[in-house]
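What follows is a single structure, written as structure tokens, with notes after it.
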Amino acid sequence: MEKEPGEVPERRKRSDSDRFPRRPNPAEYESEWYARWIEGGCFSARPEADAPRFTIVIPPPNITGSLHMGHALNLCIQDALIRYRKSAGADSLWVPGTDHAGIATQNVVEKQLADEGTSRAELGREGFEKRVREWKGAAIERINDQIRKLGCAVDWTMERFTMDEQCSLAVRTAFKRLFDEGLIYRDTRIINWCPRCRTALSDIEVEHAEEEGALYYIAYPLIGDEGAVTVATTRPETMLGDSAVAVNPGDDRYRSFHGKRLLLPLVRREIPLITDDYVDMSFGTGALKITPAHDPYDFEIGRRHGLAQHRMLTEEAVITGDYPPYAGLDRYEARKRVVEDLKAAELLKKQEPYRHSVGRCYRCDTAVEPYLSLQWFVKTKPLAAPAAEAVREGKTRFLPEKWTKVYLNWLDDIRDWCISRQLWWGHRIPVWTCGSCGAVSSSVEDLAACPSCSSAALSMEEDVLDTWFSSGLWPLSTLGWPAGTRALEVYYPTTVLVTGFDIIFFWVARMMMFGLKFGGDVPFREVYIHGIVRDAKGKKMSKSFGNVIDPIDTIGVYGADALRYAFLSSAGMGQDVYISDERFKAGRNLCNKLWNSARFILMDSPGAPPLEKALEDEPPDLADRWILSRAAVLLDETKRAMDGYRIDEALHKAYAFFWHDFCDWYLESAKPKLRAGQPGRRALTAAILHRLIALNLSILHPFLPFITEELWKLLPAAEGMLAAAPCPSLSWEPDRDAEDAMSLIQDFIRSVRDIRANLNAPPSKKIEVIVLTGSGEKIQTVKAGEPYIAALAGVERISFLRRGEIAGKQTLSSLLPGMEIHVRVPEGAMKEEMRRLEKKRSALAAEMERVERKLGDENFLSRAPGEIVKKENQRFAALKEDLHKISERLNELSGR
RNA sequence: GGGUGGUUAGUUCAGAGGGAGAACGUCUGCUUGACGUGCAGAAGGUCACAGGUUCGAGUCCUGUACCACCCACCA
């Protein structure tokens, strides 16, 4: 009967196989293990231990919502590192915590209030803060639960929140020190203002993007003279606040206008025409309207020329009452009206499409206004210089290295940091102004009396600090600074910071500045910058694309280990991570394979002697020596990869070893030995299987903590929990000879299998293989490997013929280094063989020609190192021999 | 305008001067005493393009094109 494509035959029923359960649903053991790890104190720091320290402070997630795939990636990387270093003997500490996220959280809660028909104003500051604190509790619980679901080995006893008592003390202490040293000051400046959030923003909180707009040409009539000066602007409504028109002093077109006065249209204000070098003659008309209160550069020019600052917008970006026809209009509405009115007055000379950069609030995407206001600033240059220097000196290293330059360029060109926010949710600025003497003081403790005049008429600042001010202190505040705690002493500087490139300026640079300033050293030795999470098509995951996947959903379907595998296997250093069902399935399949290999071993050999004991009683055979050698190499390779933060590489190596070396080859070759071998053989084989399944679990544990722990429990020799177990060791050296010999056997088996596949020989059909050879050493190896060849390639007999002895015409053949193998086939199966041989021959001939040409080249022979020339010669000889064999074979077949 | 990456198999990437690799996907076969979430085999690449250095270039240098990202106050 024909089988439908994709149809799978019904699984064979065997009562035997129920002796050991099939893999349970991950949900059945994952949360249970997390609780056991916590109970067992597996994740607790051991500051008293005499061990190398490995410390990470978590990038604190915002309490605005739940964790997304980006967080999950970030967490998985840290967890793999923490668990690996712990198993390698380090005192690993991973400090968890969350960030109050000022603007973002306030927005979320305000939205909630709006849905409930109330508002922040209605609740009042205290009521609002109380409301946010309630939200905070639930949010943190949700986030921590996700962290537990992912299996993160964080030390919960160290958990912090950026607005808890300890962190608040750090914030006030840092603020006061900077204030007292004159590094924090207050000034009236043009800052970035979000009219929706109604707060100031720092420069980096504004996201610039090119947008389609228009360039408007407006004529400003001269006073007391004919004519006008035409300016070009993208924001015509700001003309209401103009104080002057500027031209370049060297611009001949306007030379005759110098010193004249203009009439500002609509407003009918008299303004001067001034000259300033800043003006670019080639742009627009070469005349620039100056609005000192609403443009940063105009502000500078205004200051230079002593111009008035006319504020024409309110905090909500609505026209102020000073411009009656437009008062109360939104800025865009006002733009339309101004343009209409200018048109009506025939003063709008031209309007053309124009692409220009618009800045938007990074929290709500509203177009930001340059806005004149009184704000607090940090003088950054004195802090930035040491932060840059530390990286230049290599005290902190970026991985991948390319981010070093990004970091340095920003610090070298840094501008002062606006830290005041007109919000209610955050650290209130610890500054008090005296109502009687006017003194402005900062204090760590709340002030009750003015330090200068002892007056009690003090008012505290209303504004709060930029969230990133407290984030910047995170490595210090979590470890107890400003108190000289044991944790600070032992764990600062931390080892590595794991984060995304999007917050290098926001966070990494600020921590460097504060860490050096207050902690006396860099906050971390290394900064590991990972990529972002994308969907299968390479699109960034974002709500607006509608392609977000909730990590918790994925865990529900595939298990946390599968999700972790998807991330860690594709997280090449700094590489973006593409996730898809395919990748999750790959992770799930690996878990399944792990389970089933352990299941086989424990079913077939429930117990085994210790490996060292078994080796005393029985010498290891080729496959034993080979797999032990591979394991020794693997231990070394994964260690080096992990120490170098090449996490995906370590995982790939472990995966390949487990799946291909261990399962495909060793375990398969072990089956006949377990079934038919001598007792000593059986014991040694079982011992190796037990030892190596344990080793596989240990090595894979940092990546797949749950399934490996669950299986560890089932191993008779395993003690305690895997999460607390030290790195496995293997008293076995890499064995070159065993690996070379096994490699030949594997090639042999693959060749036979290839021939079988061409023959369509079912696995049950045993075949005879004829070996033609000239090399004695290779024959010895094949003979030694005969049991494996028999078992793994379905070969019942190998006949060794000398060169010249005829294998027979009716055979399929394959070339191996130093030998040629044949399998007899029935009449009629030869046509395909001729084609294959022909193809192979032309490939060999082409290759040989290349090598021959090289070896005929005087330059090559005289200039290339002797070693290379020798190698090429050997290669030529081998190719020549193979070609000869194939040609002979072809002649034989065609000349029948 | 400045900067940083990238361009190698259908896809995602590794390879950093001497015979083009992995994973996934594809195709073919398989009730193989753990696993069909599996086993076995196979096919598939002018290493973006153009110059240069070299006995020899995915690999080093220069330039070009394209893609991605970051920074910047030209109205």
Side-chain angles (χ1 to χ4, degrees), chain A residues 8-12 14 16-17 20 22-23 190 203-204 208 215 231-235 238 246 278-280 282-285 287-291 295-300 354 356-357 359 370 400 402-403 405-406 409-410 413 501-502 504-505 532 536-538 562 569-570 572 574-578 580 582-583 585-604 648-649 652 655-656 663-664 667-668 671 675 750 753-758 760-764 792-794 847 850-851 854 857-865 867-869 871-872 875 879:
Chain A
V8 172
E10 206 176 312
R11 172 173 288 138
R12 183 175 9 193
R14 255 192 330 273
D16 245 19
S17 62
F20 194 97
R22 290 182 178 273
R23 182 165 78 106
I190 297 270
D203 293 336
I204 51 177
H208 296 270
L215 196 57
V231 299
T233 179
T234 54
R235 307 183 58 209
T238 61
Y278 168 74
V279 180
D280 178 357
S282 64
F283 188 90
T285 59
L288 173 63
K289 64 189 267 313
I290 304 296
T291 323
D295 181 278
Y297 238 90
D298 291 3
F299 176 77
E300 291 300 324
Y354 186 68
H356 66 298
S357 174
K402 64 173 174 177
W403 296 110
K405 216 168 169 183
V406 173
N409 286 348
W410 188 72
D413 201 25
F501 57 80
D502 50 330
I504 289 178
F505 307 147
I532 60 168
K537 283 177 246 151
S569 66
S570 43
Q575 210 77 51
D576 286 350
V577 167
Y578 293 64
S580 60
E582 303 295 313
R583 286 221 89 88
K585 281 182 182 146
R588 177 203 57 188
N589 295 356
L590 173 59
C591 293
N592 190 54
K593 185 86 174 169
L594 268 173
W595 185 274
N596 283 306
S597 62
R599 177 170 182 263
F600 167 75
I601 292 164
L602 295 172
M603 243 164 36
D604 205 283
D648 65 317
E649 193 182 317
H652 286 142
Y655 177 100
C663 291
D664 291 349
L667 208 148
E668 289 305 320
K671 285 175 181 173
R675 270 158 214 148
R750 271 191 278 260
R753 283 169 173 171
D754 184 16
I755 293 174
R756 292 187 70 107
N758 279 296
N760 276 338
S764 54
L792 300 179
E847 175 117 37
R850 274 207 305 277
V851 179
K854 213 171 187 180
D857 184 343
E858 272 306 312
N859 279 325
F860 174 71
L861 295 175
S862 59
R863 303 205 191 201
E867 190 190 322
I868 297 293
V869 176
K871 208 172 142 197
E872 289 296 313
R875 212 176 126 212
L879 284 167

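Reminder, nothing fancy here: chain letters follow the sequence lines and each chain counts from 1.
In this structure, A:C591 reaches neither bases nor backbone, as no heavy-atom distance under 4.0 Å exists between it and the strands shown. If you check every strand for non-hydrogen atoms under 4.0 Å, A:K671 touches a base. Residue contacts for A:S597: at a heavy-atom cut-off of 4.0 Å it reaches a base atom on one of the strands shown. Note on A:R675: only backbone sugar-phosphate atoms sit closer than 4.0 angstrom, heavy atoms only; bases stay farther off. Using a 4.0 Å heavy-atom criterion, one finds that A:P400 contacts no nucleic acid atom at all. Within the 4.0 angstrom heavy-atom criterion, only backbone atoms of the sugar-phosphate kind lie near A:D664; the bases stay farther away. Note on A:F299: nothing from the nucleic acid sits closer than 4.0 angstrom, heavy atoms only. At a threshold of 4.0 angstrom between heavy atoms, the contacts of A:I601 with the nucleic acid are absent. Across all strands, A:D754 comes closer than 4.0 Å only to sugar-phosphate atoms, never to a base (heavy-atom distances). At the heavy-atom level, A:E649 lies nowhere under 4.0 Å from the strands shown. Within 4.0 Å (heavy atoms only), A:R850 reaches no atom of the nucleic acid at all. In this structure, A:Y278 reaches the bases: a heavy-atom distance under 4.0 Å links it to at least one base atom across the strands shown.
Spacing between B:rG6 and B:rA16 at atom P, rounded to whole Å, works out to 14 Å. On the P atoms, B:rG33 is 14 Å away from B:rA40, given to the nearest whole Å. For the P atoms, the distance linking B:rC71 with B:rU11 amounts to 30 Å, nearest Å. Distance check on atom P: B:rA43 versus B:rA23 gives 15 Å, rounded to whole Å. Look at the P atom in both B:rU62 and B:rU26: the space between them is 42 Å, to the nearest Å. B:rC70 and B:rA22 are spaced 31 Å apart, taking the C1' atom of each and rounding to whole Å. The separation of B:rA34 from B:rG45, taken at their P atoms, amounts to 38 Å, rounded to a whole angstrom. Only the C1' atoms considered, B:rG21 is 13 Å distant from B:rG44, to the nearest whole Å.
Phosphate contact (OP1/OP2 of B:rC24, side-chain N/O of A:Y578, threshold under 4.0 Å): absent. OP1 or OP2 of B:rC69 has not a single side-chain nitrogen or oxygen of A:K402 nearer than 4.0 Å.
Closest to the side chain of A:F283, out of B:rA75, B:rC55, B:rA34, is B:rA75. Closest approach to the A:A864 side chain among B:rC13, B:rA75, B:rC55 is made by B:rC55 (side chain taken as heavy atoms from C-beta onward). Among B:rG19, B:rC71, B:rG41, the nucleotide with an atom closest to any side-chain atom of A:E872 is B:rG19. The side chain of A:H208 lies closest to B:rA72 when the candidates are B:rA72, B:rG18, B:rA34. The nucleotide whose nearest atom lies closest to any side-chain atom of A:Y297 is, among B:rA34, B:rC73, B:rG41, B:rC73. Of the candidates B:rG3, B:rA14, B:rC55, the closest approach to any side-chain atom of A:N409 belongs to B:rG3. For A:Y655, counting side-chain heavy atoms from C-beta on, the closest listed nucleotide (B:rG18, B:rC24, B:rA34) is B:rC24. Ranking B:rC24, B:rA75, B:rC55 by closeness to the A:E582 side chain, first place goes to B:rC24.
Side-chain contact check for A:L861 versus A:V869: some heavy-atom pair is nearer than 4.5 Å. Counting heavy atoms from C-beta outward, A:R235 and A:P370 have side chains that approach closer than 4.5 Å.
Between the side chains of A:D754 and A:N758, at least one donor N or O sits under 3.5 Å from an acceptor N or O.
Glycosidic conformation at B:rG38 (O4'-C1'-N9-C4 for purines, O4'-C1'-N1-C2 for pyrimidines): anti, more than 90° from 0. Anti is the classification of B:rG56, since its glycosidic angle lies more than 90° from 0.
In this view, A:V851 and A:L855, A:E872, A:R875, A:F876, A:L879 satisfy the side-chain contact (heavy atoms from CB on, under 4.5 Å) rule, not counting sequence neighbours. Take A:N596 and apply the side chain to side chain donor-acceptor pair (under 3.5 Å) test, not counting sequence neighbours, and it matches A:N592.
A:E668 contributes a side-chain N or O that forms a donor-acceptor pair with the base of B:rA34 under 3.5 Å. Checked by distance alone, A:R753 brings no side-chain donor or acceptor within 3.5 Å of a matching partner on the base of B:rG41.
Ring orientation note: the planes of A:Y354 and A:F283 are nearly perpendicular, at an angle over 60° on the 30°/60° scale.
Taking a pair as Watson-Crick or G-U with both hydrogen-bonding distances under 3.5 Å, the stems of three or more pairs touching RNA chain B are B:1-7 with B:65-71, B:10-13 with B:21-24, B:26-30 with B:38-42, B:48-52 with B:60-64.
Nearest-nucleotide positions on RNA chain B place A:N589 closer to the 5' end than the other of A:W403 and A:N589. Each of A:W410 and A:R235 has a nearest nucleotide on RNA chain B; the 5'-most of these lies closest to A:W410.
With A:F600 as the aromatic partner, A:K671 meets the cation-pi criteria of under 6.0 angstrom to the ring centre and within 45 degrees of the ring axis.
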